[in-house]
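Read through the structure below, which is laid out as structure tokens, and then see the notes.
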There are 2 protein chains.
Amino acid sequence: MSAKPRTRIQQKNRDTILDAALDVFSIHGFRGATLDQIAERAGLSKPNLLYYFPSKEAMHQELLTGLLDTWLDPLRAMDPQGKPVEEMLGYVRRKLDLARDYPRESRLFANEILQGAPRMRGAIEGDLRKLVAEKAAVLTRWMDEGRIARVDPVHLIFSIWALTQHYADFDVQVRAVLGAGHDPFAEAGRFLETVFTRLLQP
Amino acid sequence: MSAKPRTRIQQKNRDTILDAALDVFSIHGFRGATLDQIAERAGLSKPNLLYYFPSKEAMHQELLTGLLDTWLDPLRAMDPQGKPVEEMLGYVRRKLDLARDYPRESRLFANEILQGAPRMRGAIEGDLRKLVAEKAAVLTRWMDEGRIARVDPVHLIFSIWALTQHYADFDVQVRAVLGAGHDPFAEAGRFLETVFTRLLQP
DNA sequence: GTCTATACTCTGATAGAC
DNA sequence: GTCTATCAGAGTATAGAC
């Protein structure tokens, strides 16, 4: 769905630029980021950036496009026909893996929401809300059938987001508190499995 | 501990400026915020801002100073002599109240950490880490005594931070997903009480 | 396609009148 | 104490040579 790539070199440069832009936007947010920083990380001149993208805004938009989809894939993958506790633990696992493997994307998203979601409001009130309602209905059914413990299903989903994204977004704090010799994501995996197993056991 | 206030008017203007600065910094982060925005919200001219504070940096610093202390007070208040489950639920309650009553401060903090904590690293590696270690020891003792369920004590504290701050930092998303007619913090209070009661019950 | 040079705007900060 | 005027530098974006 992205703009027409022509040559292989063009595509490569676009990717290089987007990667550098993700570095900078994810740390400083849209307003705090500068083209100079992005150009430096990409190893290209500033005008050259603007040969590939019409504006700073366009780079940011391209990064946001599709981000929400990627972010929601783990939730989409939750199978209404599966075993409830397993499905939930699987969702937590996939969401944590995403936070571990794509921390910059997680922070880009966090920045966008912190700023009031000026560029994602529509998607959040639309796709996101709809998917959550759909999965919350599945959770409610499982609770009615006594297959998982009863608890507010929407806030249950919020809690998974909060607990997994925390390890990406607050990585600096997590590592500072843990100190050296720790693997935050490995420990988080074990901890969250315990939490949700105890919480959901009927 | 803040700079010498002289007249009552001076103190009032300083407070007005800091309040406006908190509005802007908490949304856009340090780099993304501008003095123009702060001046407009404060109803003062830009040079007048700089009569009260030597620089933009100084305003930001003043807001950060003491923020960590406020943020950690609920954890400090956890009593090693109290009843374990009650103490933990009390901590969650106080932390959630803080997120509800001071969402801008929560977002200011989130922005700072997201950006790699360039202005708070020392405090995080010092005071914060020390306090967490101290309280984790208390939690470990309670687990050894069989008074709360065994779980990684540091990640347990992380989980309280993540779950409470989420409602302030991702407020826009939470409200968009819940839709109208909800009180996110009231619902969160009930949900988190359930979560931590089930998790910690020995 | 990529660069140098540059136009033009925004931003933090200062000078100086009142 | 507060304002208008203004500066210097940074910022996004464009023009035009190669």
Using side chain to side chain donor-acceptor pair (under 3.5 Å) as the criterion, list what pairs up with R104(A), not counting sequence neighbours. D19(A), D23(A)
Sorted by chain and residue number, the ring-ring contact (aromatic ring centres under 6.0 Å, His included) partners of F30(B) (sequence neighbours excluded) come out as F25(B), H60(B)
Here the distance between atom P of dA13(C) and atom CE of M59(B), to the nearest Å, is 8 Å
Given dC3(D), is OP1 or OP2 found less than 4.0 Å from the side-chain N or O atoms of N48(B)? yes
Do R94(B) and D97(B) meet the salt-bridge criterion of a basic N to acidic O distance under 4.0 Å? no
Counting any heavy atom closer than 4.0 Å, what does Y52(A) reach on the DNA or RNA strands: base, sugar-phosphate only, or nothing? sugar-phosphate
Not counting sequence neighbours, which residues clear side-chain contact (heavy atoms from CB on, under 4.5 Å) with L50(A)? List them please. L35(A)
Measure from CG on L44(B) to P on dA13(C) and round the result to the nearest Å. 17 Å
Report yes if at least one side-chain N or O of Y51(A) is closer than 4.0 Å to OP1 or OP2 of dC3(C); otherwise report no. no
Between D73(B) and R76(B), does any NZ, NE, NH1 or NH2 come within less than 4.0 Å of an OD or OE carboxylate oxygen? yes
In residues 31-43 of chain B, which ones come under 4.0 Å of DNA chain D, going by heavy atoms? R31(B)
Across all chains, not counting sequence neighbours, the ring-ring contact (aromatic ring centres under 6.0 Å, His included) partners of H28(B) are none
Check whether any side-chain nitrogen or oxygen of S45(A) sits under 4.0 Å from OP1 or OP2 of dT2(C), and answer yes or no. no
Presence of N13(A) side-chain N/O under 4.0 Å of dT2(C) phosphate oxygens OP1/OP2: yes
Specify the separation, in whole Å, of atom CD1 of I17(B) and atom P of dA13(C). 13 Å
Distances for protein N/O vs nucleotides 14-18 of chain C N/O pairs under 3.5 angstrom?
none

Between P of dT14(D) and NZ of K56(A), the distance in whole Å: 14 Å
Atom pairs and distances, side-chain donor-acceptor, residues 159-166 of chain B, under 3.5 Å, sequence neighbours left out:
from, atom 1, to, atom 2, distance (Å)
S159(B), OG, L156(B), O, 2.6
W161(B), NE1, Y91(B), OH, 2.9
T164(B), OG1, I160(B), O, 2.7
T164(B), OG1, W161(B), O, 3.3
Q165(B), OE1, W71(B), NE1, 3.0
Q165(B), OE1, K95(B), NZ, 3.0

Applying side chain to side chain donor-acceptor pair (under 3.5 Å), which residue pairs with at least one partner in residues 120-142 of chain A are found, sequence neighbours left out? R141(A)-E145(A)
Just grab all the side chain to side chain donor-acceptor pair (under 3.5 Å) pairs involving residues 81-90 of chain A, residues at least two apart or on different chains. none
Report the residues that fulfil ring-ring contact (aromatic ring centres under 6.0 Å, His included) with Y167(A), sequence neighbours left out, ordered by chain and then residue number. H155(B)
Expressed in angstrom and rounded to an integer, what is the separation of L49(A) atom CG from dG1(C) atom P? 16 Å
Five-pair end axes of the helix from dG1(C)-dC18(D) to dC18(C)-dG1(D), angle between them (10°): 10°
With D101(B), which residues qualify under salt bridge (Lys or Arg N to Asp or Glu O under 4.0 Å), at least two apart? none
Looking at T7(B), I'd like to know whether one of its side-chain N or O atoms comes within less than 4.0 Å of OP1 or OP2 on dG1(D). yes
